[in-house]
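The structure appears right after this line, and notes come after that.
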Amino acid sequence: MKIYIDGEFYAKEDAKISVFDHGLLYGDGIFEGIRVYNGTVFRLAEHIDRLFSSAQAILLDIGMTRADVMKAVEDTVKVNERENAYIRLVVTRGVGDLGINPYLCKKSSVIIIVGDISLYPEEFYKNGIAIITSSVRRISPDQFDTRIKSLNYLNNILAKIEAVQAGCMEAVMLASDGYVAECTADNIFVVKKGIVYTPHSHGSSLEGITRGAVIDAAGNLKIECRENRLTQYDLYISDEVFITGTGAEIMPVTKIDGRVIGNGECGPVTASLRKEFWKIVGINK
Ligand code: PMP
C-alpha cells in the first residue's frame, strides 16, 4: 500500500503525520470517502467540489488546485494498482502549536489512502437492516453546518455508539427541530405510494454523493423524488426505507425502532433504484 502525503508516496509503516497537526489535536480538517469501481473513481469531480466547499467554509487553504487534487487521487489509485477500492482523502489544517489558532498552522496537509472496501453481507441487501432513532440530535446549522465534511465526527460517533449498543449498524439522527436529518454516516430515503422522499439538507445533513446518484437514478426511471421534511412517523408508516452512502451504497431498511417496514425484504422501488444505480456506476449486476 502506497499512501500519498503532500506530493510523496510512503509505505504504510512510514505514512506518518506530526502529533502537532491540528487535524489530530482539534479535528481541524476535512475529508472525503470515495469509491473506485472497475478502475474508475466514482463521481470524483463531485467529491472534489464538496471538498473545496468544505475548505471554503472553514477558511482552509488546500494549497492545490482542484485539478491537482483530482490528479493526485487518480495517481494514488494507479500506483496502488487497484480496480476496486475505497479512497480516503483528508486535508488537515497542518502543524501548529498547542493552541487552537489555525492562523499559526503554516501549511495544510493532503493525505490520500487507497484501501479495501469493507463490503456488507449480501443478505443485508436482500432482507434489509434494522435501525434505531438515536437520542443524539444532529448539530444545528447555526452551530456547525453539517454539509461541511469535517474531521470532527463526534456528534455522529455518539449516535453510532447508541446504534451499536442496540445491535444495529446505523441510527437515524433527528435535526435540532425534530425532523429527520440523516443517519450517522448515511443519508436516508423513504418510499410512500410510489414516491421517493428524502430530507432536504437544511444544513443538518451531508449532501451525499450517493444521495445525488439515487436522485439521478429516480429521474432516469421517471420515479418522482421529493426533498421534504420527514418525521419519525413518516419513516414508520412508509412502504420502503433505504439508506445511502459511499460504503453502504443503497441498503434497504426493514425495521426502525421495532416497527417492521414493508414486508421485511428489499422493496420493489428500492430494488429498481439499486439496479439503476449499478447502471450509473457502470457495473453489470
Ligand atoms: N451522511 C454522513 C454523516 C456521512 O458521513 C456520509 C458519508 N459516509 C453520508 C451521509 C453519505 O454520503 P456519501 O454518499 O457522499 O458517501
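Start at 1 and go down the list; that is how both ligands and their atoms are numbered. On a predicted model such as this, the values are computed, not experimentally measured, just so you know. Excluded from the calculations below are hydrogen atoms, water molecules and symmetry mates; all remaining heavy atoms, backbone and side chain alike, are included.
Geometric assessment of Arg259 against the ring of Tyr236 yields a positive cation-pi assignment under the 6.0 Å and 45° thresholds. At least one test fails for Arg226 against the ring of Tyr197: distance under 6.0 Å to the centre or angle within 45° of the axis.
Between Arg211 and His200, the shortest heavy-atom contact is NH2-CA, 4.2 Å. Cys266 and Arg274 make their closest contact through SG-CD, 4.5 Å (heavy atoms, listed as atom of the first residue, atom of the second, distance).
When only non-hydrogen protein atoms are considered, atom 16 (O) of ligand 1 lies nearest to Thr246 OG1, 2.5 Å. Annotation: atom 1 (N) of ligand 1 to nearest protein heavy atom, Glu182 OE1, 2.6 Å. Among protein heavy atoms, the minimum distance from atom 5 (O) of ligand 1 is reached at Tyr153 OH, 2.4 Å. Residue, atom and distance of the protein heavy atom nearest to atom 7 (C) of ligand 1 are Lys149 NZ, 3.4 Å.
Polar contact with ligand 1: absent for His47 (N/O pair, distance under 3.5 Å). The distance criterion of under 3.5 Å between nitrogen or oxygen atoms is met by Ile209 with respect to ligand 1. Considering backbone and side-chain atoms together, Thr184 places no N or O closer than 3.5 Å to any N or O of ligand 1. Inclusion of Arg211 in the set of residues having an N or O under 3.5 Å from an N or O of ligand 1 is not warranted. Between Ala185 and ligand 1, at least one N/O pair is under 3.5 Å apart. For ligand 1, the polar-atom distance check against Thr210 finds a nitrogen or oxygen pair separated by under 3.5 Å.
A salt bridge links Asp177 with Arg229; the closest basic N to acidic carboxylate O contact falls under 4.0 Å. In summary, Lys279 and Glu276 engage in a salt bridge, as defined by a charged side-chain N under 4.0 Å from a carboxylate O. A salt bridge links Glu32 with Arg50: the closest approach of a Lys/Arg side-chain nitrogen to an acidic carboxylate oxygen falls below 4.0 angstrom.
Relative ring orientation between His22 and Tyr26 is described as perpendicular, the plane-to-plane angle rising above 60° on a 0-90° scale split at 30° and 60°. By the 30° and 60° cut-offs, the orientation of the rings of Tyr37 relative to Phe42 is perpendicular.
Using a 4.0 Å heavy-atom cutoff, Thr146 is absent from the residues neighbouring ligand 1. The shell of residues lying under 4.0 angstrom from ligand 1, judged by heavy atoms, includes Arg50. No heavy atom of Glu207 sits closer than 4.0 Å to any atom of ligand 1. Taking 4.0 Å as the cut-off, Gly33 does not count as a neighbour of ligand 1 on heavy-atom distance.
When Ser205, Ala248, Gly208 are checked for heavy-atom proximity to atom 12 (O) of ligand 1, Gly208 turns out nearest. The option from Ile34, Asn155, Asn187 that lies nearest to atom 11 (C) of ligand 1, judged by heavy atoms, is Asn187.
In this structure, Phe31 has its ring center under 6.0 Å from that of Tyr153.
Near Asn156, the atoms of ligand 1 lying under 4.0 angstrom from a non-hydrogen atom of the residue are 3 (C). Per-residue contacts place Gly245 under 4.0 angstrom from the following atoms of ligand 1 (heavy atoms of the residue considered): 11 (C), 14 (O), 16 (O).
Exactly one residue among Asp49, Asp216, Thr210 makes a side-chain hydrogen bond (donor to acceptor under 3.5 Å, both in side chains) with Arg43. That residue is Asp216.
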